[in-house]
Number of protein chains: 2
Amino acid sequence: MTQTSDTTSYKDIKQTVLQRIRSGEWQPDALLPNEQELAVEFSCTRTTVNRALRELADEGFLERRRKAGTRVLSAPQRQARFTIPLVRDEIEAAGGTYRYALVSQETQTAPDWLTARLALRVDQRVMHVRCMHFSTNTPFQFEDRWIVIDSVPQVEQADFSSIGPNDWLVQTVPFTNVELTFLASRADATLAGFLDVSEGEPVFTAERITWLQGQPVTFAKMYFAAGYRMSTEF
Amino acid sequence: MTQTSDTTSYKDIKQTVLQRIRSGEWQPDALLPNEQELAVEFSCTRTTVNRALRELADEGFLERRRKAGTRVLSAPQRQARFTIPLVRDEIEAAGGTYRYALVSQETQTAPDWLTARLALRVDQRVMHVRCMHFSTNTPFQFEDRWIVIDSVPQVEQADFSSIGPNDWLVQTVPFTNVELTFLASRADATLAGFLDVSEGEPVFTAERITWLQGQPVTFAKMYFAAGYRMSTEF
DNA sequence: CAGTGGTCTAGACCACATG
DNA sequence: ATGTGGTCTAGACCACTGT
């Protein structure tokens with residue numbers, strides 16, 4: 001029904017399985033028939049059943065173990081997938097006009113807390129960049145970023161007056177591991193000025209540590225203007 | 001090398017492709033060889049190459065289009081996958097002892113803002129539950145939840161004095177769609193009391209709306225104690 | 001139109017975990 | 001020891017889309 005043809009596709013199987021879970025036909029913790037039996041029921045090959053069940057397991061609905069079989073997860077381990085947008089995209093998607101402004105850029109010895117946080121060697125040098133992102137000239141995000149010079153030597157020649165450090169890094173360091181943290185912090189006087197809020201106001205904050213093959217590359221704190229919400233559906 | 005045998009697996013291919021992206025051999029926006037060519041290079045079938053590339057696309061590294069081929073994404077759309085833990089699991093995983101306490105439970109007519117938020121009919125009735133989650137007797141989370149009675153009629157007989165509403169819902173409503181939002185809010189006097197912080201302090205907050213086949217089931221605001229961080233790696 | 005990925009089949013061998 | 005999922009092969013047809 002879903003497609004032009006009448007073959008049973010892995011998508012059909014996924015839908016049917018979800019339907020049976022929703023309807024209670026397959027209760028939490030219930031053991032599903034094995035792949036061979038389902039293949040017979042759906043008149044397809046085991047390969048097709050395998051793909052359907054594998055994806056459902058990947059999405060957090062099922063648990064699969066060799067020999068033990070496939071079960072409905074009792075506490076559906078649903079996973080939220082946040083696609084972390086680039087600031088510019090996020091602003092433009094909301095209909096705003098993006099504007100970037102550099103606040104400060106200087107090389108310095110890494111402060112102690114950063115050395116500890118990124119497991120740097122003592123006295124390792126870093127580039128410290130602070131900048132603002134505006135949506136139609138309204139403050140949107142204040143970014144406070146450190147870049148480890150030993151990991152990205154080219155950064156010493158970089159000029160962040162017209163391109164944001166994140167855009168620059170994305171072009172320069174092709175692939176990375178990321179540790180992302182969300183928290184609520186309190187606007188100090190400086191931050192309050194940048195974001196145009198009162199001192200002491202709550203500020204939604206994201207911290208992002210980036211690694212390139214085990215080497216710490218950058219630590220960024222991103223402070224969002226009042227009213228910001230990070231949303232997802234799943 | 002990775003396995004006992006010497007066959008090229010889709011995992012090997014994924015690793016190799018990532019390596020080539022990291023090393024810059026395949027620059028952002030570069031067009032990869034097509035599946036048939038890669039199958040020859042890796043001495044495997046196109047099916048195996050397909051799985052490797054399909055997963056990498058799914059993970060946000062590649063973009064695939066029929067006829068146009070497979071490209072390295074210029075701005076790697078990495079997706080953070082938050083596994084939203086049950087409060088009890090989260091506390092116990094951190095080594096704490098979980099304690100639950102009901103604060104209030106009553107049925108009422110949905111307030112206007114909730115009617116709007118969940119697209120309810122006017123004057124629809126809801127169960128309003130407020131409760132606390134403690135980690136070794138330290139406040140961990142204050143939960144403020146509304147449950148739509150028409151969507152879950154059994155809730156009128158539910159007693160949340162010993163089981164949390166979330167645990168109850170997970171057992172009762174097997175499968176749902178979820179809209180999850182993170183934000184920073186400000187502790188009012190009531191909240192400050194529950195979480196043992198000063199009034200006005202920033203509070204990390206999660207809002208969760210749950211739907212069952214298009215029907216709104218529940219809206220929950222979860223306020224976390226000071227210092228809470230929501231982290232993920234990817 | 002033609003090239004590329006999307007998917008399915010039929011069959012096989014194997015890794016792993018449980019009884 | 002054995003049943004279950006994990007993966008690969010070899011081949012096929014098709015859907016989409018850029019030229």
Side-chain angles (χ1 to χ4, degrees), chain A residues 1-18 20-21 26 28-74 76-77, chain B residues 1-18 20-21 26 28-74 76-77:
Chain A
M1 311 305 177
T2 39
Q3 304 292 351
T4 49
S5 79
D6 58 344
T7 63
T8 306
S9 86
Y10 78 97
K11 288 180 181 170
D12 298 327
I13 299 177
K14 286 178 72 173
Q15 283 310 309
T16 304
V17 170
L18 282 178
R20 290 184 185 174
I21 294 174
W26 287 340
D29 275 328
L31 187 64
L32 271 62
N34 69 31
E35 294 187 347
Q36 185 54 55
E37 292 168 322
L38 289 172
V40 171
E41 176 188 342
F42 291 115
S43 308
C44 65
T45 56
R46 187 167 79 86
T47 312
T48 302
V49 173
N50 179 277
R51 178 161 180 193
L53 297 187
R54 176 159 42 80
E55 290 195 359
L56 287 172
D58 206 46
E59 290 161 21
F61 295 101
L62 302 175
E63 184 199 17
R64 320 192 73 203
R65 293 208 327 270
R66 285 162 151 119
K67 169 76 179 181
T70 301
R71 290 181 179 281
V72 180
L73 272 181
S74 46
Q77 284 289 6
Chain B
M1 310 306 176
T2 40
Q3 303 292 351
T4 48
S5 79
D6 58 343
T7 64
T8 306
S9 85
Y10 79 98
K11 287 180 182 172
D12 298 328
I13 298 177
K14 285 178 72 173
Q15 282 310 308
T16 304
V17 170
L18 282 179
R20 289 184 186 175
I21 295 174
W26 286 341
D29 275 328
L31 187 64
L32 271 61
N34 69 30
E35 295 188 346
Q36 186 54 56
E37 292 169 322
L38 289 172
V40 171
E41 177 189 340
F42 291 116
S43 308
C44 64
T45 55
R46 188 169 78 87
T47 311
T48 302
V49 172
N50 179 276
R51 176 159 181 193
L53 297 187
R54 178 161 38 82
E55 291 194 0
L56 287 172
D58 205 49
E59 290 160 21
F61 295 101
L62 303 175
E63 184 198 17
R64 319 193 74 203
R65 296 211 323 272
R66 285 163 152 122
K67 170 77 179 181
T70 301
R71 288 182 180 280
V72 179
L73 272 182
S74 48
Q77 285 289 6

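The sequence lines fix the lettering, A, B, ..., with proteins before strands; numbering per chain opens at 1.
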Quiz item: Does a side-chain heavy-atom distance below 4.5 Å link A:F42 with A:T16?
Solution: yes
Self-check item: C:dG6 OP1/OP2 closer than 4.0 Å to side-chain N/O of B:R54
Solution: no
Practice problem: Check whether any side-chain nitrogen or oxygen of A:R66 sits under 4.0 Å from OP1 or OP2 of C:dT18, and answer yes or no. | Solution: no
Quiz item: With no angle test and no hydrogens, is the base of D:dG6 tied to the side chain of A:R46 by a donor-acceptor pair under 3.5 Å?
Solution: yes
Quiz item: Is the closest side-chain heavy-atom distance between A:T47 and A:R51 below 4.5 Å?
Solution: no
Quiz item: Starting at NZ of A:K14 and ending at P of C:dC8, how long is that distance when rounded to a whole Å?
Solution: 11 Å
Practice problem: Please report, rounded to the nearest Å, how far the P atom of D:dT2 is from the CD atom of A:Q36. | Solution: 19 Å
Exercise. Let me know the distance between CZ of B:F42 and P of D:dT7, rounded to the nearest Å.
Key: 17 Å
Quiz item: Rounded to the nearest Å, what distance is computed from the CZ atom of residue B:R51 to the C1' atom of nucleotide C:dG5?
Solution: 17 Å
Quiz item: Of the nucleotides C:dG5, C:dT7, D:dG18, which one has an atom closest to the side chain of B:A68?
Solution: D:dG18
Practice problem: For the pair B:E35 and B:R64, find out whether any cationic side-chain nitrogen is under 4.0 Å from an anionic carboxylate oxygen. | Solution: yes
Quiz item: Looking only at side-chain N and O atoms, does B:Y10 come under 4.0 Å of OP1 or OP2 in D:dT7?
Solution: yes
Quiz item: For A:K67 and D:dA1, is the shortest distance between a side-chain N/O and OP1 or OP2 below 4.0 Å?
Solution: no
Quiz item: Counting only side-chain N and O atoms of A:T45, is one of them less than 4.0 Å from OP1 or OP2 of C:dG11?
Solution: no
Practice problem: Ignoring backbone atoms, test whether B:R65 places a side-chain nitrogen or oxygen under 4.0 Å from the OP1 or OP2 oxygen of D:dG18. | Solution: yes
Quiz item: What is the distance from CD of B:E35 to P of D:dG11, rounded to the nearest Å?
Solution: 17 Å
Quiz item: Can a side chain N or O of A:T70 be found less than 4.0 Å away from OP1 or OP2 on D:dG5?
Solution: yes
Practice problem: Using atom CD of B:E55 as one end and atom C1' of D:dT7 as the other, report the distance to the nearest whole Å. | Solution: 11 Å
Practice problem: Quickly work out the A:R64 CZ to C:dA15 P distance and round it to whole Å. | Solution: 18 Å
Exercise. For residues B:L53 and B:L38, determine if any side-chain heavy atom of one lies less than 4.5 Å from a side-chain heavy atom of the other.
Key: yes
Exercise. Would you please confirm or rule out a distance under 4.0 Å between OP1 or OP2 of D:dG5 and any side-chain N or O of A:N50?
Key: no
Quiz prompt | Interatomic distance, B:L53 CG vs C:dT7 C1' [rounded to whole Å] | solution = 15 Å
Self-check item: Side-chain heavy-atom pair B:L56, B:I13 within 4.5 angstrom cut-off
Solution: no
Quiz item: Across the strands shown, which category fits B:T47 at heavy-atom distances under 4.0 angstrom: base, sugar-phosphate, nothing?
Solution: base
